[in-house]
*Asks:* 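Let me begin by handing over the structure; questions about it come next.
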Amino acid sequence: MTVEPVLTVEDLSVRIAGLHILQGVSFTVAPTGVTVLLGRNGVGKTTTLRAVLGLTPTQGEVRGTVRMGARSLVDQPTHRLVRDGLGYVPEDRCVFAGLTVTENLRLAERRGSVPAYDRVYELFPELDRRGRQRAGSLSGGQQQMLAIGRVLLNDNRLLLVDEPTKGLAPKVVTEVAEVLERVAAAVPVLLVEQNLAVVRRLATDAVVLAAGRVAWTGPARDLLLETALTKSLLGVGSVEVHS
């Protein structure tokens, strides 16, 4: 029985300000688990997520095919894609610093649906306790929890998560990884992540970009077990993988 991917990207090319950042990128995201997008800095990982979500700058040019299930996402406004179940956690978190935690969450509520505050507060009880605190005064880890919590208020068909553990303390990295592991049991995730220990824990499939192109795809475990491969593609050695 063939399992249809939740996301299909074919021959995706992106030019921004004269730079050809993505050059014919093609991959799929399975309808379950975590597909991780890997590569050295500057190869186009964040650009890929933003292109899927329709967030390429207005001066940019996007060509190719992006489908969620059978539906084309190209040329669709971002707010409509989000409303239809495409969740996004950006690399820089993008919380509203002057608003409280509760106000940040309320802004994420989708019209016509019941927000799942119980789900968010079960995963992040700290957000419940700090509801009246301004988001700008939260720690980096707490802001990341808020960024993820905003997305989880709503039901999604796919989550795009960009560098969720970047700059966080090891203890918080573990907490974020635990939450994403639980989330991925219910909704597929396309994840950009540099921490290979987190990749080892979460990822089922991997897509590696190099110079704006797909250099490797396959099971994440296979990639992480190959020292020469991870060294050549990512500039790091292999990571021990536990069954």
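Excluded from the calculations below are hydrogen atoms, water molecules and symmetry mates; all remaining heavy atoms, backbone and side chain alike, are included.
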*Asks:* With rounding to the nearest 0.5 Å, note down the distance linking OG1 in T47 to CD1 in I21.
*Replies:*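 If I round to the nearest 0.5 Å, the distance is 4.5 Å.
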*Asks:* Quick one: closest heavy-atom pair of P57 and I16, and the distance?
*Replies:*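 Here P57 and I16 meet closest at CD-CD1, 3.8 Å.
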*Asks:* In terms of heavy-atom contacts, does CZ of R201 have more than 12 from other residues, nucleotides or ligands at under 6.0 Å?
*Replies:*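 Count over threshold, so yes.
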*Asks:* Check whether any side-chain heavy atom of T65 sits under 4.5 Å from a side-chain heavy atom of V74, and report yes or no.
*Replies:*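 SC-SC contact between T65 and V74 ruled out.
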*Asks:* Does G24 offer a backbone N or O that forms a donor-acceptor pair with the side chain of S13 under 3.5 Å?
*Replies:*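 Yes.
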*Asks:* State, to 0.1 Å, how close N154 and A108 come at their nearest heavy-atom pair, and which atoms those are.
*Replies:*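 Result for this residue pair: ND2-O, 3.0 Å.
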*Asks:* Run the salt bridge (Lys or Arg N to Asp or Glu O under 4.0 Å) check on R134 and E103 step by step: do they pass?
*Replies:* CA-CA 9 Å; R134 294 192 183 278; E103 289 168 339; 5.4 Å; no
*Asks:* Could you tell me whether the side chains of Q143 and R93 share a donor-acceptor contact shorter than 3.5 Å?
*Replies:*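 Side chains of Q143 and R93: no pair found under 3.5 Å.
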*Asks:* Kindly indicate, with the supporting measurements, whether the criterion side-chain contact (heavy atoms from CB on, under 4.5 Å) is fulfilled by L53 and L86.
*Replies:* CA-CA 8 Å; L53 197 59; L86 192 57; 3.4 Å; yes
*Asks:* With hydrophobic residues grouped by side-chain heavy-atom distances under 4.5 Å, do V172 and L123 end up in a single group?
*Replies:*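 Cluster IDs for V172 and L123 match.
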*Asks:* What's the spacing between K166 NZ and Q144 CD if we round to 0.5 Å?
*Replies:*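 So the NZ of K166 and the CD of Q144 are separated by 11.0 Å.
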*Asks:* Nearest heavy-atom pair of L233 and A215: which atoms, and what distance?
*Replies:*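 L233 and A215 have their closest heavy atoms at CD2-CB, 3.8 Å.
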*Asks:* Starting from V43, can I reach V214 by hopping between I/L/V/M/F/W/Y residues whose side chains sit under 4.5 Å apart?
*Replies:*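 Both belong to a single hydrophobic cluster.
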*Asks:* Give a yes or no on whether the backbone of P90 and the side-chain of D92 come within a donor-acceptor separation of less than 3.5 Å.
*Replies:*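 Answer holds: no.
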*Asks:* Determine whether L7 and T28 make a side-chain contact, defined as any pair of heavy atoms from C-beta on separated by less than 4.5 Å.
*Replies:*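 No, too far: nothing below the 4.5 Å cut-off.
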*Asks:* To the nearest 0.5 Å, tell me how far E4 CD sits from T8 OG1.
*Replies:*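 One finds 7.5 Å between CD of E4 and OG1 of T8.
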*Asks:* Taking the side chain as everything from C-beta on, heavy atoms only, tell me whether T78 gets closer than 4.5 Å to Y88.
*Replies:*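 Side chain of T78 against side chain of Y88, heavy atoms only: no contact under 4.5 Å found.
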*Asks:* For residues T35 and P188, determine if any side-chain heavy atom of one lies less than 4.5 Å from a side-chain heavy atom of the other.
*Replies:*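 No, side chains not in contact.
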*Asks:* Determine the sole option in T230, L229, V207 for which the side-chain contact (heavy atoms from CB on, under 4.5 Å) test with W216 is passed.
*Replies:*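 Among T230, L229, V207, the one that satisfies the side-chain contact (heavy atoms from CB on, under 4.5 Å) with W216 is L229.
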*Asks:* Checking R213 side chain against Q23 main chain: does a donor-acceptor pair fall under 3.5 Å?
*Replies:*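 Side chain of R213 to backbone of Q23, a donor-acceptor pair under 3.5 Å: yes, one is there.
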*Asks:* Locate the shortest heavy-atom distance separating F96 from A135; write the atom from each residue and the value.
*Replies:*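 Residues F96 and A135, closest heavy atoms: O-CB, 3.5 Å.
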*Asks:* Return yes if some donor-acceptor pair links the side-chain N/O of T174 with the main-chain N/O of P170 below 3.5 Å, else return no.
*Replies:*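 It does hold such a pair.
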*Asks:* Listed by chain and number, what are the side-chain contact (heavy atoms from CB on, under 4.5 Å) partners of V199, not counting sequence neighbours?
*Replies:*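 Per chain and number, V199 pairs via side-chain contact (heavy atoms from CB on, under 4.5 Å) with V36, L38, E193, L196, A203, L224.
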*Asks:* Would you name the heavy atoms of A51 and L12 that are closest together and state the gap between them?
*Replies:*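 Shortest heavy-atom separation between A51 and L12 comes out as CB-CD2, 4.1 Å.
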*Asks:* Hey, are the side chains of V208 and L37 touching, using non-hydrogen atoms and a 4.5 Å cut-off?
*Replies:*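 Not in contact.
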*Asks:* Is the backbone of D11 close enough, under 3.5 Å, to the side chain of S26 for a donor and an acceptor to pair up by distance?
*Replies:*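 Checking the backbone N and O of D11 against the side chain of S26, a donor-acceptor pair under 3.5 Å is found.
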*Asks:* Got a second to check how far R200's CZ is from L225's CG, nearest 0.5 Å?
*Replies:*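 Answer rounded to 0.5 Å: 11.0 Å.
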*Asks:* Within the distance-only criterion (no hydrogens, no angle test), does the side chain of T102 pair as donor or acceptor with the backbone N or O of G131 below 3.5 angstrom?
*Replies:*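 Confirmed, T102 side chain pairs with G131 backbone.
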*Asks:* For residues L127 and V89: do they belong to one hydrophobic cluster (side chain heavy atoms under 4.5 Å, members Ile, Leu, Val, Met, Phe, Trp, Tyr)?
*Replies:*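 The answer is yes; both residues are in one hydrophobic cluster.
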*Asks:* Does E226 reach the main-chain N or O of L223 with its side chain, forming a donor-acceptor pair under 3.5 Å?
*Replies:*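 Pair absent, no side-chain N/O of E226 close to backbone of L223.
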*Asks:* Before accepting this row, confirm whether a basic side-chain N of the pair K45/E163 lies closer than 4.0 Å to the acidic partner's carboxylate O.
*Replies:*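 A salt bridge is absent here (no side-chain N lies under 4.0 Å from a carboxylate O).
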*Asks:* Does the pair R182/E178 count as a salt bridge with the N-to-O cut at 4.0 Å?
*Replies:*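 No, no charged N to carboxylate O under 4.0 Å.
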*Asks:* Is the number of heavy atoms from other residues, nucleotides or ligands under 6.0 Å of R106 CZ greater than 12?
*Replies:*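 No - once you tally the heavy atoms of other residues, nucleotides and ligands closer than 6.0 Å, there are 12 at most.
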*Asks:* For N41 and Q194, test the side chains for any donor-to-acceptor distance below 3.5 angstrom and give the result as yes or no.
*Replies:*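 Result is yes, a qualifying pair exists.
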*Asks:* How long is the straight-line distance from CD of E175 back to CZ of F124, given to the nearest 0.5 Å?
*Replies:*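 If I round to the nearest 0.5 Å, the distance is 9.0 Å.
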*Asks:* Is there a side-chain contact between Q76 and R71, using heavy atoms and a 4.5 Å cut-off?
*Replies:*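 Result yes, sub-4.5 Å side-chain heavy-atom pair found.
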*Asks:* Is D162 reaching over with its side chain to a backbone N or O of T46, donor-acceptor style, under 3.5 angstrom?
*Replies:*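 Here the side-chain-to-backbone pair does not exist.
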*Asks:* Please check if V173 and L146 belong to a single hydrophobic cluster, counting links between Ile, Leu, Val, Met, Phe, Trp and Tyr side chain heavy atoms closer than 4.5 Å.
*Replies:*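 Same cluster.
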*Asks:* side-chain contact (heavy atoms from CB on, under 4.5 Å) between V34 and L180: does it pass, once the steps are laid out?
*Replies:* CA-CA 9 Å; V34 176; L180 289 175; over 6 Å; no
*Asks:* Distance-only, no hydrogens or angles: does the H79 side chain make a donor-acceptor pair with backbone N or O of L81 under 3.5 Å?
*Replies:*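 Answer holds: no.
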*Asks:* For a quick test of reading the model, state the closest non-hydrogen atom pair linking L152 to L159 and the distance between them.
*Replies:*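 The answer is CD2-CD1, 4.0 Å.
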*Asks:* Measure the spacing between CG of N195 and OG1 of T165 and express it to the nearest 0.5 Å.
*Replies:*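 Going from CG on N195 over to OG1 on T165, the span is 4.5 Å.
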*Asks:* For a side-chain contact (heavy atoms from CB on, under 4.5 Å) check, start with the C-alpha distance between L168 and V176, then their side-chain angles and the critical distance, and finish with the verdict.
*Replies:* CA-CA 9 Å; L168 301 183; V176 170; 4.0 Å; yes
*Asks:* Is there a side-chain contact between L105 and L107 in this structure, where contact means two heavy atoms from C-beta onward sitting under 4.5 Å apart?
*Replies:*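 Sidechains of L107 and L105: no contact.
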*Asks:* Compute whether any side-chain donor of one residue and acceptor of the other, for E122 and Y117, lie under 3.5 angstrom apart.
*Replies:*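 No, because no side-chain N or O of E122 sits under 3.5 Å from a partner of the opposite role on Y117.
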*Asks:* Do side-chain atoms of R110 reach the backbone of D155 as a donor and acceptor pair under 3.5 angstrom?
*Replies:*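 Confirmed, R110 side chain pairs with D155 backbone.
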*Asks:* Using side-chain heavy atoms (C-beta onward) and a distance below 4.5 Å, is T48 in contact with V14?
*Replies:*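 Counting from C-beta outward, T48 and V14 never come under 4.5 Å.
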*Asks:* Taking L55 as the starting point, is it possible to reach V151 by hopping between hydrophobic residues whose side chains are less than 4.5 Å apart?
*Replies:*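 Per the 4.5 Å side-chain linkage, V151 and L55 are not co-clustered.
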*Asks:* Go through R130 and L138 one step at a time and tell me if the side-chain contact (heavy atoms from CB on, under 4.5 Å) criterion holds.
*Replies:* CA-CA 9 Å; R130 296 182 180 271; L138 299 174; 3.8 Å; yes
